There are 2 protein chains.
Amino acid sequence: MGVIETAKTRARRVEKVVDLPLEQPIALPVGRILDGDCVEAMRSIPSASIDLVFADPPYNLQLGGDLNRPDGSHVDAVTDDWDKFDTFKAYDDFTQAWLVEAKRILKPDGALWVIGSYHNIYRVGAILQDLGFWILNDIVWRKSNPMPNFRGTRFTNAHETLLWCSQGEKAKYHFNYRAMKTLNDELQMRSDWVLPICNGAERLKEGGHKVHPTQKPESLLYRVLLSTTEKGDVVLDPFFGTGTTGAVAKRLGRQWIGCEREGVYREAALKRIAKELPLDESALTTMQAGRSAPKVAFGALVENGYLKPGTELFDKKRRWTATVRADGSLASGKQTGSIHGLGKELQGAPSCNGWTFWHYETGSEVKPIDAARQLYLLAVED
Amino acid sequence: MGVIETAKTRARRVEKVVDLPLEQPIALPVGRILDGDCVEAMRSIPSASIDLVFADPPYNLQLGGDLNRPDGSHVDAVTDDWDKFDTFKAYDDFTQAWLVEAKRILKPDGALWVIGSYHNIYRVGAILQDLGFWILNDIVWRKSNPMPNFRGTRFTNAHETLLWCSQGEKAKYHFNYRAMKTLNDELQMRSDWVLPICNGAERLKEGGHKVHPTQKPESLLYRVLLSTTEKGDVVLDPFFGTGTTGAVAKRLGRQWIGCEREGVYREAALKRIAKELPLDESALTTMQAGRSAPKVAFGALVENGYLKPGTELFDKKRRWTATVRADGSLASGKQTGSIHGLGKELQGAPSCNGWTFWHYETGSEVKPIDAARQLYLLAVED
DNA sequence: CACCGAAGTGAATCCTGGT
DNA sequence: GACCAGGATTCACTTCGGT
């Protein structure tokens with residue numbers, strides 16, 4: 001799983017596609033945002049060179065007139081030209097074009113993620129099946145705080161759909177089952193993910209206005225990348241926008257490539273990603289299959305940024321310390337485990353409540369990690 | 001577009017249907033299960049005669065399920081080239097065939113529901129859009145007790161998807177907004193429904209084995225029928241199975257028609273539905289009356305003494321005042337208008353809900369005039 | 001600084017009937 | 001079909017200003 005391709009082997013394969021001198025390996029434009037149309041941009045990428053494509057294409061919302069809230073205020077809708085298509089046929093052609101390129105550049109064991117709403121996801125899903133992609137799961141992002149239906153005419157549109165696909169029915173793919181289970185309170189991660197929409201400090205703004213109308217939450221990308229890529233993998237996002245994929249990829253030690261036509265988005269993305277710090281080695285190590293694992297939804301705190309991977313935890317008297325890892329497990333020297341299990345091990349105690357045992361520093365204060373859980377529960381509890 | 005909810009429009013719609021038999025008798029096979037292929041069966045149904053189609057089509061093609069092409073020829077996994085293209089092609093043809101008939105038999109303001117999983121729902125969704133159906137919502141049935149993924153190779157497949165569609169972009173449709181809001185603890189019903197799968201006493205069994213492999217829970221149909229049909233409406237289910245649609249329809253005072261080719265299922269369904277008792281008139285009426293708020297003219301409150309002509313109204317911050325006039329209009333200085341219109345004018349807002357904007361004093365309390373409407377509604381219902 | 005209330009906002013296919 | 005007027009409609013969260 002997750003074998004990283006060497007530049008040498010990549011070059012050998014690429015050479016047949018792109019007519020280049022034998023000795024000159026093609027360098028993937030890793031850590032760069034390619035300008036222009038994503039189909040054109042992807043054509044410059046060698047075949048079978050990408051581990052994961054994550055795509056957030058235009059949804060083709062087909063909105064009508066203005067919409068006001070009951071209090072009379074105006075809803076700031078997606079009116080950008082990039083979301084306008086004349087017909088379903090036009091949208092289908094566009095979709096097929098980028099999916100064909102995505103399929104070509106993916107490694108045989110690579111995977112595709114696409115996110116969409118009911119406006120477009122059925123068309124995308126049918127087309128990618130036609131192209132031979134094999135749907136592994138459809139994932140529902142259940143928004144904890146969606147916009148209501150102001151006119152009372154339909155059900156609140158409270159979710160979006162993600163499709164996770166392999167290259168074909170028999171194709172291999174990567175799935176970090178253990179990390180997902182750890183992240184989900186020792187229960188199998190389900191196909192419905194409850195996550196808040198992107199707002200607050202995470203939302204990129206310029207002069208008080210959102211830079212991109214549809215910025216995705218980092219927690220969503222966090223789960224996507226953690227579940228289906230390995231450290232060092234190359235992730236390409238054909239609709240990079242303000243670079244959520246790049247930011248989370250960098251944080252998680254994945255390599256990234258973006259495609260984006262709009263200069264404003266490109267600039268915002270580069271600035272954003274530059275600020276991002278990769279997690280260190282120990283934080284990135286996730287639970288491997290078969291090991292003991294946390295028994296609580298501590299992972300949700302990590303995923304949602306309440307406690308960052310790499311954070312140092314310690315008991316009240318600072319006799320022991322441990323590091324938070326990306327999947328919500330803890331590491332202390334060579335010992336690893338859940339917040340409860342590791343606390344128990346270190347103390348040689350029959351049991352340990354990790355929530356009250358482990359502390360962290362926030363500002364000048366020292367708090368039990370239970371404080372972070374309380375914050376999280378306040379925000380997410382439904 | 002077009003949500004229809006008032007008793008007035010409802011009556012008008014029924015009138016037209018009731019008129020039909022006078023000129024051109026139609027005998028809808030209400031309360032019956034039509035034998036044979038559903039496309040053939042639907043051909044016997046008059047055009048524009050059905051209020052709702054609920055469909056739970058098969059999607060087990062790749063597991064060897066049998067299927068006939070629209071022309072009647074049998075798709076054989078052995079003799080046909082059973083590659084993916086053929087599989088999808090055959091399924092698409094089948095899907096298109098039944099959707100075409102469903103569209104024909106639906107009234108102009110009728111609606112379609114389809115349920116499926118990621119194996120088939122993307123194909124179904126794209127095809128129904130191509131046929132002109134307009135997706136109003138996609139609904140996620142989030143299973144509270146799904147089957148785990150035993151091999152740990154993917155996310156637990158914990159949901160199914162329903163599509164709710166009108167006849168077209170401009171078509172009218174029915175949505176019992178109030179009923180759904182009431183059902184959801186006075187919050188808008190969302191597009192994700194958490195419901196348990198069908199098991200226990202509800203699950204039909206014969207000799208210890210389940211009669212149908214994919215029997216849907218009655219709670220699911222309950223919500224579908226309550227949200228998008230009215231009492232007396234005709235609901236057709238082309239893949240009737242063991243008759244969950246019929247059972248719930250009968251209970252809710254809706255008429256039903258089924259199509260089912262398997263004799264075993266037909267028998268089980270008839271037996272099941274026979275046992276079902278319709279809710280009595282008062283239970284049904286009470287349920288609807290409490291949940292669908294009839295439109296109240298502000299004038300009716302004045303007329304009935306709930307607000308006397310001459311009463312001073314004002315907004316919450318008392319920036320504006322207005323006087324109630326005998327005909328239910330308001331006057332503020334030289335400006336006059338309806339409760340909504342005057343509120344809108346004074347604020348210079350694009351719209352205004354007069355019911356919550358205007359307040360009045362009663363005793364020592366200040367209340368929105370909506371409070372008076374509620375009192376009026378309580379009195380009128382009894 | 002804490003607390004409280006008001007204001008703002010998010011991928012939204014968001015009204016109906018009569019002239 | 002365009003236009004107009006009457007009428008009905010919101011949830012969870014963040015930020016900001018006042019006390």
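Note that these values count all heavy atoms, side chains included, but never hydrogens, waters or copies made by symmetry. Since we're looking at a predicted model, the values are computed, not measured. Below, chains carry the letters A, B, ... as their sequence lines are ordered, and counting in each starts from 1.
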Sugar-phosphate only, base, or nothing, as touched by A/Asp56 at under 4.0 Å among non-hydrogen atoms: base
Sugar-phosphate only, base, or nothing, as touched by B/Leu187 at under 4.0 Å among non-hydrogen atoms: sugar-phosphate
Sugar-phosphate only, base, or nothing, as touched by A/Asn157 at under 4.0 Å among non-hydrogen atoms: sugar-phosphate
A/Arg373 bridged to A/Asp370 by N-O distance under 4.0 Å: yes
Pair A/Phe239-A/Trp82, ring-ring contact (aromatic ring centres under 6.0 Å, His included): steps then yes or no: CA-CA 11 Å; A/Phe239 308 96; A/Trp82 52 251; 9.3 Å; no
Nearest-Å distance for atom pair CG/P, residues A/Asp80 and C/dA12: 12 Å
Secondary structure string for DNA chain C (Watson-Crick or G-U under 3.5 angstrom, | for other-strand pairs): .|||||||||....|||||
B/Ser338-B/His340 side chain donor-acceptor pair, cut-off 3.5 Å: no
Touch class at under 4.0 angstrom, heavy-atom based, for A/Gly200 against every strand present: sugar-phosphate
For D/dT15, glycosidic torsion class - syn if within 90° of 0, otherwise anti: anti
Short side-chain N/O contact to D/dT10 OP1/OP2 from B/Tyr177, under 4.0 Å: yes
Sugar-phosphate only, base, or nothing, as touched by B/Ser338 at under 4.0 Å among non-hydrogen atoms: sugar-phosphate
Touch class at under 4.0 angstrom, heavy-atom based, for B/Ile339 against every strand present: nothing
Separation between the C1' atoms of C/dA11 and D/dT15, rounded to whole Å: 23 Å
Touch class at under 4.0 angstrom, heavy-atom based, for A/Pro57 against every strand present: base
Between C/dC14 (C1') and B/Trp134 (CH2): distance, integer Å: 13 Å
Touch class at under 4.0 angstrom, heavy-atom based, for B/Lys181 against every strand present: sugar-phosphate
Donor/acceptor link under 3.5 angstrom from A/Lys216 side chain onto base of C/dA11: yes
Backbone of A/Tyr59 reached by a side-chain donor or acceptor of A/Asp83 within 3.5 Å: yes
Touch class at under 4.0 angstrom, heavy-atom based, for B/Cys165 against every strand present: nothing
Would you list the protein and nucleotides 6-10 of chain C atom pairs, both N or O, that sit under 3.5 Å from each other?
from, atom 1, to, atom 2, distance (Å)
C/dA7, OP1, B/Lys317, NZ, 2.3
C/dG10, OP2, A/Lys210, NZ, 2.7
C/dG10, O5', A/Lys210, NZ, 3.1
C/dG10, N7, A/Arg69, NH2, 2.5
C/dG10, O6, A/Arg69, NE, 3.1
C/dG10, N2, A/Asn145, O, 3.4
C/dG10, N2, A/Pro146, O, 3.0

Side-chain donor/acceptor contact of A/Arg154 with base of C/dT13 under 3.5 Å: yes
Sugar-phosphate only, base, or nothing, as touched by B/Gly354 at under 4.0 Å among non-hydrogen atoms: nothing
A/Arg154 side chain vs A/Asn149 backbone, donor-acceptor pair below 3.5 Å: no
Upstream residue (5' side of DNA chain C) when A/Glu160 and A/Gly64 are each assigned their closest nucleotide: A/Glu160
A/Glu218 side-chain N/O to A/Ala247 backbone N/O, donor-acceptor pair under 3.5 Å: no
Ring centers of B/Trp164, A/Phe155 separated by less than 6.0 Å: yes
Pairing of A/Asp192 and A/Arg142 as salt bridge, 4.0 angstrom limit: yes
